[in-house]
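Remarks on the structure that follows.
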Amino acid sequence: MKVPHWLQEALNKRIDELSYKFQESTDIIQLQSRSDLILKQVVESMHPEVYKAFLEWEEQLTSINAMQSEWLYMRGCRTVLNCSLYDFY
């Protein structure tokens with residue numbers, strides 16, 4: 001089933017809203033603060049060339065995780081839509 005453009009846009013907007021709420025949750029803020037402290041310690045111990053490679057790796061990992069999360073969300077939405085359509089027929 002191909003998702004109509006208007007629905008794709010609505011789902012993307014919802015993903016953005018949920019991502020914002022996730023980032024603003026108390027648990028995530030606490031984990032992020034701890035993670036930032038650990039990262040600072042790691043970065044301070046790195047040689048500049050290693051740090052440059054690390055940043056490139058981190059950027060790729062972030063992109064992969066974002067794409068994976070969006071893909072999973074969209075697959076879940078499609079599954080729900082397919083089940084809903086099946087129930088009507």
Indicate the ring-plane relationship of F54 and W57, choosing parallel, tilted or perpendicular according to the 30° and 60° boundaries.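 Plane angle between 30° and 60°, so tilted.
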Short side-chain to backbone donor-acceptor contact, S35 and L31, under 3.5 Å: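 Not a single qualifying donor-acceptor pair exists.
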Which pair of non-hydrogen atoms, one from I15 and one from M74, has the smallest distance, and what is that distance?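 Closest approach of I15 to M74: CD1-SD, 4.3 Å.
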Could you state the interatomic distance from [atom1] ([X]) to [atom2] ([Y]), rounded to the nearest 0.5 Å?
X   : Y   : atom1 : atom2 : result
D16 : E70 : CG    : CD    : 8.5 Å
E59 : I64 : CD    : CD1   : 11.0 Å
S69 : F22 : OG    : CZ    : 8.5 Å
K13 : L11 : NZ    : CG    : 12.0 Å

Contact check, side chains of [X] and [Y], non-hydrogen atoms, under 4.5 Å:
X   : Y   : answer
Q32 : I29 : no
E56 : K52 : yes
R14 : E17 : yes

In sequence, state the C-alpha distance, the side-chain angles, and the governing distance for L72 and R75, and then conclude on side chain to side chain contact (heavy atoms under 4.5 Å, CB included). CA-CA 5 Å; L72 289 169; R75 289 292 179 230; 5.7 Å; no
Return the set of residues passing side-chain hydrogen bond (donor to acceptor under 3.5 Å, both in side chains) with E9 (not counting sequence neighbours), or none when no residue passes.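 Here the qualifying residues are H5.
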Between side-chain atoms of residues 37-48 and protein atoms elsewhere (two or more places apart, or another chain), which donor-acceptor pairs fall under 3.5 Å?
unit_1	atom_1	unit_2	atom_2	d
S45	OG	V42	O	2.7
H47	ND1	E49	N	3.1

Hydrophobic clusters here meaning ILVMFWY residues chained together by side-chain heavy-atom distances under 4.5 Å, can you tell me if L61 and L55 are in one?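 Same cluster.
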